[in-house]
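In what follows, a structure is listed as structure tokens, so that the remarks can point back to it.
As a basis for the values below, the full set of heavy atoms in this structure was taken, side chains included, without hydrogen atoms, waters or symmetry mates.
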Amino acid sequence: MDLLIEGANKLKIELTQDQIDKLEKYIKEIELFNPVYKLVGYQDRSELIIKHILDSLAGIKEIEKINKGVIADLGSGAGFPGIVLAIMLDSPIVLIERMKRRVDFLKNVILRCNLTNVKIIAKDVSEVDEKFDTITCRAFHPIYDIIQDVERLLTTDGVFAAYKGRKSYLLAETENLSAWKLDVIPLQVPFLDEQRHLALMRKKN
């Protein structure tokens, strides 16, 4: 776990021993189930930690600043960033995932990591009717494809925090969404030589 701890240090995140233990269990569960479940793409443990765990951690401080309540993670898949957020934050986390094998994997992770602040909604995003204070997503649909569902699910003053890659792609996804205020936050993912950004979106009054 040296790579994880070193990466967290570069992000100025001090992991507790409990958080390290839970992240290690989470990584092991991915390594165990991924060959069969095809949850997420990576070549080896280092790439899994850098491209997925540290990538999710890179947005933590911004999400911590904006969130005042329940966080929903759309299309959670293998649990990025939702499971990582649940390990790092005290906030209630809701994982929204429709595919049964991914739901089964997430249930197992929640039990193995003893995550008491997490629940799963096993539905398509379009079928969910709850409200959330913060909504996240990563490696999900383009923003313009899901923004109507996001608007429906956000509380009045809620914030949509989307993990994205190149800024040019992000701006292309949001260029016609004039009803939304967009803040683009550059993320520096340790050991990753790729552009990463967090798109923070709020509905204009």
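- The pair K167-E194 does not meet the salt-bridge criterion, since no charged nitrogen lies less than 4.0 angstrom from a carboxylate oxygen.
- Not one N or O on the side chain of E62 forms a donor-acceptor pair closer than 3.5 Å with the backbone of G59.
- R152 CZ: more than 12 foreign heavy atoms inside a 6.0 Å radius.
- There is a path of hydrophobic side-chain contacts, each under 4.5 Å, that joins V118 to F33.
- Side-chain contact between T116 and I110 is absent, with no heavy-atom pair separated by less than 4.5 Å.
- Here salt bridge (charged side-chain N to carboxylate O under 4.0 Å, His left out) pairs that include residues 10-21, with residues two or more places apart or in two chains, are D18-K22.
- Put simply, CD1 on I146 and SG on C137 are 4.0 Å apart, with the number rounded to the nearest 0.5 Å.
- For the residue pair L182 and A199, the shortest heavy atom distance occurs at CD1-CB, 3.9 Å.
- Under the 3.5 Å distance criterion, the side-chain polar atoms of H197 are matched with a main-chain donor or acceptor of G165.
- Distance alone, capped at 3.5 Å, is enough to place a donor-acceptor pair between the K68 side chain and the K65 backbone.
- L57 is listed as a side-chain neighbour of L4, based on a closest heavy-atom distance under 4.5 Å.
- Using a 4.5 Å heavy-atom threshold, the side chains of N108 and L106 count as separate.
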Exercise. Step by step, would you call E29 with N34 a side chain to side chain contact (heavy atoms under 4.5 Å, CB included)?
Worked result: CA-CA 8 Å; E29 290 301 295; N34 203 58; over 6 Å; no
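- Annotation: side chain of L153 is in contact with side chain of L74 (closest heavy-atom distance under 4.5 Å).
- Two different hydrophobic clusters hold I96 and L89 under the rule that ILVMFWY side chains link at heavy-atom gaps under 4.5 Å.
- Y163 is linked by a ring-ring contact (aromatic ring centres under 6.0 Å, His included) to nothing, counting only residues two or more places apart in sequence or in another chain.
- Atoms CD1 and CD1, from I27 and I53 in turn, are 4.5 Å apart once rounded to the nearest 0.5 Å.
- Under a cut-off of 6.0 angstrom, the local environment of CZ in F191 is crowded, with over 12 non-hydrogen atoms contributed by other residues, nucleotides or ligands.
- In this structure, V40 and A78 approach most closely via the heavy-atom pair CB-CB, 4.2 Å.
- Residue pairs meeting the side chain to side chain donor-acceptor pair (under 3.5 Å) criterion with at least one member in residues 79-97, sequence neighbours excluded: N67-S91.
- I147 and I66 sit in two unconnected hydrophobic clusters of ILVMFWY residues. Membership requires side-chain heavy atoms under 4.5 Å apart, directly or through other members.
- Criterion: ILVMFWY side-chain heavy atoms under 4.5 Å apart, direct or through other members. Under it, I93 and I30 are part of a common hydrophobic cluster.
- Atom CZ of R166 has 12 or fewer heavy atoms from other residues, nucleotides or ligands within 6.0 Å.
- Sorted by first and then second residue, the salt bridge (charged side-chain N to carboxylate O under 4.0 Å, His left out) pairs with a member in residues 196-205 read D55-R196, E151-K203, D183-R202; sequence neighbours excluded.
- Hydrophobic clustering places Y37 together with V103 (ILVMFWY residues linked when any side-chain heavy atoms are closer than 4.5 Å, directly or through intermediates).
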Problem set entry | Derivation of the side chain to side chain contact (heavy atoms under 4.5 Å, CB included) call for L95 and I83 | CA-CA 8 Å; L95 309 178; I83 291 291; 3.7 Å; yes
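- Around CG of D2, the count of heavy atoms belonging to other residues, nucleotides or ligands within 6.0 Å does not exceed 12.
- The closest side-chain heavy-atom distance from K164 to E173 is below 4.5 Å.
- Looking at V70 and T134, their side chains never come closer than 4.5 Å, going by heavy atoms from C-beta outward.
- Nearest heavy atoms, L54 versus A8: CD2-N, 3.9 Å.
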Exercise. Y42 and E31: side chain to side chain contact (heavy atoms under 4.5 Å, CB included), yes or no, with the steps?
Worked result: CA-CA 10 Å; Y42 64 92; E31 289 174 328; 3.8 Å; yes
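- Side-chain N or O atoms of K61 include none that pairs as donor or acceptor with a backbone N or O of A58 at under 3.5 Å.
- Taken to the nearest 0.5 Å, the CD1 atom of I50 stands 11.5 Å off from the CG atom of D193.
- Rounded to the nearest 0.5 Å, atoms CG (L187) and CG (L11) are 9.0 Å apart.
- Scored by the ring-ring contact (aromatic ring centres under 6.0 Å, His included) test, F80 finds Y26, H52 as partners (sequence neighbours excluded).
- Between S56 and R138, some side-chain heavy-atom pair lies under the 4.5 Å cut-off.
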For this session: Show your reasoning for whether side chain to side chain contact (heavy atoms under 4.5 Å, CB included) applies to L85 and I87.
Result: CA-CA 5 Å; L85 294 176; I87 291 170; over 6 Å; no
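- For the pair I71/F132, no side-chain contact is recorded, criterion being any heavy-atom separation below 4.5 Å from C-beta on.
- Each side chain to side chain donor-acceptor pair (under 3.5 Å) pair with one or both residues in residues 71-89, not counting sequence neighbours, appears once here: D73-S76, D73-T136.
- Taking NZ of K25 as the reference point, atom CG of L32 lies at 14.5 Å (rounded to 0.5 Å).
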For this session: Walk me through it: do R112 and E24 pass the test salt bridge (charged side-chain N to carboxylate O under 4.0 Å, His left out)?
Result: CA-CA 11 Å; R112 292 279 295 142; E24 170 70 11; over 6 Å; no
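- Put simply, CE on M201 and NZ on K181 are 11.0 Å apart, with the number rounded to the nearest 0.5 Å.
- D124 and S126 share a side-chain donor-acceptor pair at under 3.5 Å.
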